[in-house]
Amino acid sequence: MKSIDHPYFGHLEVPPVDGTEVIWEGTAALGSSEVDIQLWADPGCGLDAGELDAFATHLDHLLALDTAARAAIRKNLRQDRYFIDHHADELDDVEVIKRLTREANGEAISVEAFAAAMHPVRIGLWHLTGEAEARIVMDYTIDAAASDELLAVKVARDGAVVSVDWES
């Protein structure tokens, strides 16, 4: 179907162009942060009400999605802490890194403290765009004003985390 009226997203239309495009934008509160949300669609695919319903359910339970994403971030950082070390070295004059360094009291910044200090800046909802598994991408940063580097947590329709990728 080329257009749909959805209870959560309102009236949506498949983009008339050749490339994947944002067809809906919104924001959501998550803790003390406000997160930008974008719904992407491919003009080669119709709009699927079940897919949109799954997105709406995840957005209605954003805290649970954030909890799963942060658990995956911690697991990823325990396996390879280079993201933490890179930020500690490169952003040592940024307030959040200064605080984490002080709290570490001469030790390396802990995975738990670093992951807790990260915050989501953007959520991408990818409607049938060729990604077999990842439909939701949550971008987390330590300080968006100081660094464009983030951890992108990719989540399947069922809420399972597919991957955590370092992106910029």
Side-chain angles (χ1 to χ4, degrees), residues 1-80 83 87 96 111-112 114-168:
M1 127 180 18
K2 294 292 182 185
S3 69
I4 191 170
D5 290 312
H6 191 270
Y8 190 97
F9 299 105
H11 183 74
L12 300 172
E13 293 187 20
V14 173
V17 296
D18 291 333
T20 301
E21 221 178 83
V22 174
I23 62 168
W24 180 88
E25 294 182 277
T27 59
L30 184 56
S32 61
S33 298
E34 184 166 87
V35 183
D36 292 327
I37 304 168
Q38 296 177 322
L39 173 60
W40 295 81
D42 186 325
C45 299
L47 295 171
D48 179 82
E51 186 87 359
L52 295 170
D53 290 346
F55 288 150
T57 298
H58 286 300
L59 293 175
D60 283 341
H61 299 95
L62 201 49
L63 186 56
L65 197 59
D66 178 61
T67 299
R70 287 180 186 279
I73 288 171
R74 287 190 301 274
K75 180 180 178 184
N76 177 273
L77 294 175
R78 281 188 202 104
Q79 293 171 348
D80 181 0
F83 189 84
H87 282 80
V96 67
V111 165
E112 288 71 19
F114 191 88
M118 294 186 80
H119 59 277
V121 291
R122 182 174 43 253
I123 299 172
L125 308 172
W126 295 87
H127 182 278
L128 304 174
T129 57
E131 288 284 332
E133 293 183 353
R135 294 284 189 223
I136 302 169
V137 180
M138 301 178 71
D139 294 336
Y140 287 80
T141 184
I142 194 69
D143 187 318
S147 174
D148 67 348
E149 302 197 23
L150 49 87
L151 291 178
V153 180
K154 298 178 180 175
V155 180
R157 180 177 173 168
D158 66 0
V161 173
V162 176
S163 68
V164 177
D165 300 310
W166 183 347
E167 297 180 1
S168 64

Q | side chain to side chain donor-acceptor pair (under 3.5 Å) evaluation trace for Glu21 with Trp40 | A | CA-CA 5 Å; Glu21 221 178 83; Trp40 295 81; over 6 Å; no

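- Leu47 places a side-chain heavy atom less than 4.5 Å from the side chain of Val14.
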Determine all donor-acceptor pairs shorter than 3.5 Å in which one atom belongs to a side chain in residues 56-77; sequence neighbours excluded.
{"from": "Thr57", "atom 1": "OG1", "to": "Asp53", "atom 2": "O", "distance (Å)": "3.0"}
{"from": "His58", "atom 1": "NE2", "to": "Arg157", "atom 2": "O", "distance (Å)": "2.7"}
{"from": "His61", "atom 1": "ND1", "to": "Thr57", "atom 2": "O", "distance (Å)": "2.9"}
{"from": "Asp66", "atom 1": "OD1", "to": "Arg70", "atom 2": "NE", "distance (Å)": "3.1"}
{"from": "Asp66", "atom 1": "OD1", "to": "Tyr140", "atom 2": "OH", "distance (Å)": "2.5"}
{"from": "Asp66", "atom 1": "OD2", "to": "Arg70", "atom 2": "NE", "distance (Å)": "3.1"}
{"from": "Thr67", "atom 1": "OG1", "to": "Leu63", "atom 2": "O", "distance (Å)": "2.9"}
{"from": "Arg70", "atom 1": "NH1", "to": "Ala115", "atom 2": "O", "distance (Å)": "2.8"}
{"from": "Arg70", "atom 1": "NH1", "to": "Met118", "atom 2": "O", "distance (Å)": "3.0"}
{"from": "Arg70", "atom 1": "NH2", "to": "Met118", "atom 2": "O", "distance (Å)": "3.0"}

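- Expressed to the nearest 0.5 Å, how far CG of Leu12 lies from CD1 of Ile4 amounts to 7.5 Å.
- The OG1 atom of Thr141 sits 5.5 Å away from the NE2 atom of His119 when rounded to the nearest 0.5 Å.
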Q: Check the pair His87, Phe114 against side-chain contact (heavy atoms from CB on, under 4.5 Å), reporting the backbone distance first and the verdict last.
A: CA-CA 10 Å; His87 282 80; Phe114 191 88; 4.1 Å; yes

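- At distances below 3.5 Å, at least one donor-acceptor pair connects side-chain atoms of His127 with backbone N or O atoms of Asp48.
- Considering every non-hydrogen atom in both Val96 and Ala117, the closest pair reads CG2-CB, 3.9 Å.
- In this structure, a donor-acceptor pair under 3.5 Å is present between the side chains of Glu149 and Trp166.
- Under the 30°/60° scheme for interplanar angles, the aromatic rings of Phe55 and Phe9 are found to stand perpendicular.
- Using a 4.5 Å heavy-atom threshold, the side chains of Val137 and Trp126 count as touching.
- Leu150 contributes atom CG, which lies 7.5 Å from atom OG of Ser168 (distance to the nearest 0.5 angstrom).
- By the salt bridge (charged side-chain N to carboxylate O under 4.0 Å, His left out) test, Glu25 pairs with no residue at all, sequence neighbours left out.
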Q) How far apart are the C-alpha atoms of Leu151 and Asp165, what are their side-chain angles, what is the distance that settles it, and do they pass the side-chain contact (heavy atoms from CB on, under 4.5 Å) test? A) CA-CA 5 Å; Leu151 291 178; Asp165 300 310; over 6 Å; no

Can I get a per-line list of side-chain donor-acceptor pairs under 3.5 Å for residues 27-37, giving both atom names and the distance, sequence neighbours left out?
none

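- For the pair Leu39 and Val22, the minimum side-chain heavy-atom distance is 4.5 Å or more.
- In this structure, Leu125 CG and Ile136 CD1 are separated by 6.0 Å, a value rounded to the nearest 0.5 Å.
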